[in-house]
Amino acid sequence: MPKNKTSTSAHLRTFVSEFGSDILSTDGYILFCKICDVKVAADKKFTVEQHVSRQKHINGIDRKNLQTEKSKNQSLLTQPSRKCTFNYDLCQALLSANIPLNKLSNDCFRNFLEKHANKNIPVESTLRKSYVAQCYEETINNIKKYCENQKLWISIDETTDVEGRYITNVIIGTLEIGCPGKIFLLHMEAPEKANHTSIAKLLNKALHLLWPQGIKYDNILLFLSDAAPYMVKAGKGIKIMYSKMEHVTCLAHGLHRVAEEVQTFGLSLQHSIKIVQNVENKIQQAENRVGQDIKKKLKSVLDKNTGYKTVTTISKILNGENVTNQNFPDDLNNSDIAHFQFAPITSVDVERSFSKYKNLLSDNRRSFTIENIKHALIVQCNKFD
């Protein structure tokens, strides 16, 4: 029987399959070389082999391979590098423990880590350039995630460091019903000067960091600061935007550290208020001249602290007492009041953050930039279970 003649399209597809679809192509009627951009005679296999063996065709393949290699290299450069989990965890641990990254250059320490971790230990510059900022961003993201829809208190204070710079820290805490909330160092900055304007701007900047899509003004219920005139002025100014917020000047400052117990973390508002009132009652019993002077000063301090009067009223409400107070803020509803159950009345948490800042900026670490200090301090001050 006669052999069946192979169709033209099938014949051409055979060449494409043999020499590669990246070299040849066909539409069923002609054979086309992608490298040389020309039609190839395909009557016989010999003519196709002759074409692909020509120097022009070989040079074209070399150019194509070179372009492909360049494209791959460029792709590797533009893609974000996959960071090592061990390096990240090591950086996080060093920052949290306030261990300088340059300790990795200590041969004994480095050998210890390599021996027991069975890992290649990175050099200090690798962690500083590639992982410190990542640890900071991850910490901020964890704070944002936890505080997203929480009622909050905020505390701001400033100090001067050994370099003579103003350092201002912003602490936030959650106001939770039934248990003490969590406390976070949200932001640190070195303003050119400390006044009521810089404090108001700093507060908005910090809260914009927490809520980048828009500050949730009604979620800020309490502002704690010292009784410095510019802080009091700042509190009055920002209350225009944060209408539910009460400004309480620190009672530990007001009592000159007499009520140290008020600084204990996790006290209920009723307990904190009771401690202050007990101290006040003790002072009222003093009859000598010095006692009378202390009594007048304490009364003056407490009378000026309008926020303290408001939280005292809130404490009575939470305690089930009947309260008639014409000066009580209209914007605070029953849900807001319930969140004051464990509200603090001192700004000692921001003072503690300054202590960690001063430990961080030791004599042999003065070259620290403000940005790197901020990254290290925020990672160190914030813990997540």
Side-chain angles (χ1 to χ4, degrees), residues 91-92 94-102 124-125 127-129 131-144 147 152-173 183-212 215 220 223-235 237-238 247 249-250 253 347-382:
C91 184
Q92 181 85 24
L94 293 174
L95 293 176
S96 298
N98 193 23
I99 299 174
L101 300 183
N102 62 16
E124 174 265 340
S125 60
L127 295 188
R128 177 168 48 80
K129 293 176 181 178
Y131 293 93
V132 170
Q134 184 185 356
C135 290
Y136 165 78
E137 292 293 342
E138 186 66 23
T139 301
I140 292 297
N141 287 336
N142 286 334
I143 295 173
K144 288 163 63 176
C147 297
L152 304 176
W153 61 266
I154 187 166
S155 182
I156 300 177
D157 203 357
E158 60 87 19
T159 189
T160 305
D161 69 8
V162 291
E163 297 292 321
R165 296 172 297 205
Y166 288 118
I167 301 298
T168 310
N169 284 358
V170 180
I171 294 280
I172 61 170
I183 299 172
F184 306 104
L185 173 61
L186 178 62
H187 188 54
M188 190 212 85
E189 197 168 286
E192 293 183 2
K193 53 186 177 181
N195 56 32
H196 70 283
T197 303
S198 64
I199 294 300
K201 289 180 179 178
L202 179 64
L203 183 141
N204 279 335
K205 183 177 180 179
L207 292 180
H208 186 72
L209 184 66
L210 184 65
W211 293 306
I215 296 174
I220 305 298
F223 173 40
L224 295 166
S225 73
D226 59 25
Y230 72 91
M231 281 291 188
V232 175
K233 189 174 182 180
I238 60 181
H247 182 200
T249 54
C250 178
H253 284 81
S347 59
V348 294
D349 293 297
V350 73
E351 301 287 354
R352 292 186 180 115
S353 71
F354 288 138
S355 296
K356 291 189 175 182
Y357 173 90
K358 290 173 182 177
N359 287 335
L360 187 65
L361 194 64
S362 56
D363 291 341
N364 61 344
R365 302 172 81 180
R366 299 288 180 83
S367 60
F368 243 149
T369 65
I370 287 296
E371 191 67 13
N372 285 338
I373 293 175
K374 179 178 75 173
H375 290 171
L377 185 65
I378 287 178
V379 171
Q380 184 185 143
C381 287
N382 297 299

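This structure is a prediction, so every number in the text was calculated from the model and none was measured. For the numbers below, each heavy atom of this structure counts, side chains included, while hydrogens, waters and symmetry mates do not.
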Provide the closest heavy-atom pair for [X] versus [Y] in the form atom of the first, atom of the second, distance.
X      : Y      : answer
Met231 : His247 : O-CE1, 3.4 Å
Leu210 : Lys144 : O-CG, 3.5 Å
Cys147 : Phe184 : SG-CE1, 3.6 Å
Arg165 : Phe368 : NH1-O, 4.3 Å
Phe223 : Gly235 : CE2-CA, 4.0 Å

Under 3.5 Å donor-acceptor, [X] side chain and [Y] backbone:
X      : Y      : value
Asn382 : Ile378 : yes
Thr159 : Ile167 : no
Ser198 : Lys193 : yes

Interatomic spacing from [atom1] in [X] to [atom2] in [Y] - rounded to 0.5 Å:
X      : Y      : atom1 : atom2 : answer
Leu360 : Lys374 : CG    : NZ    : 14.0 Å
Leu361 : Leu377 : CG    : CG    : 10.5 Å
Ile238 : Leu207 : CD1   : CG    : 9.0 Å
Thr197 : Tyr230 : OG1   : OH    : 12.0 Å
Lys356 : Gln380 : NZ    : CD    : 5.5 Å
Leu95  : Thr139 : CG    : OG1   : 8.5 Å

Can you check whether [X] reaches [Y] side chain to side chain, under 4.5 Å on heavy atoms?
X      : Y      : answer
Gln92  : Glu138 : no
Glu137 : His375 : no
Ile171 : Trp153 : yes
Val379 : Ser96  : yes
Ile199 : Thr168 : yes

Just to verify, which of [options] counts as forming a side-chain contact (heavy atoms from CB on, under 4.5 Å) with [X]?
X      : options                        : result
Arg365 : Asn98, Ile373, Asn372          : Asn98
Ile172 : Ile220, Ile183, Asp349, Leu186 : Leu186
Leu209 : Asn204, Val170, Ile140, Ile143 : Ile140

Set of side-chain contact (heavy atoms from CB on, under 4.5 Å) partners for Glu124, sequence neighbours left out: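 Only Leu101, Asn102, Arg128 meet the side-chain contact (heavy atoms from CB on, under 4.5 Å) criterion with Glu124.
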
Got a sec: does the NZ of Lys233 have more than 12 other heavy atoms crowding it under 6.0 Å?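 At most 12 heavy atoms, drawn from other residues, nucleotides or ligands, come within 6.0 Å of this atom.
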
Is it true that Asn169 and Ser353 share a donor-acceptor pair across their side chains at a distance under 3.5 Å?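 Checked: Ser353/Asn169 side chains pair up, N/O donor to acceptor below 3.5 Å.
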
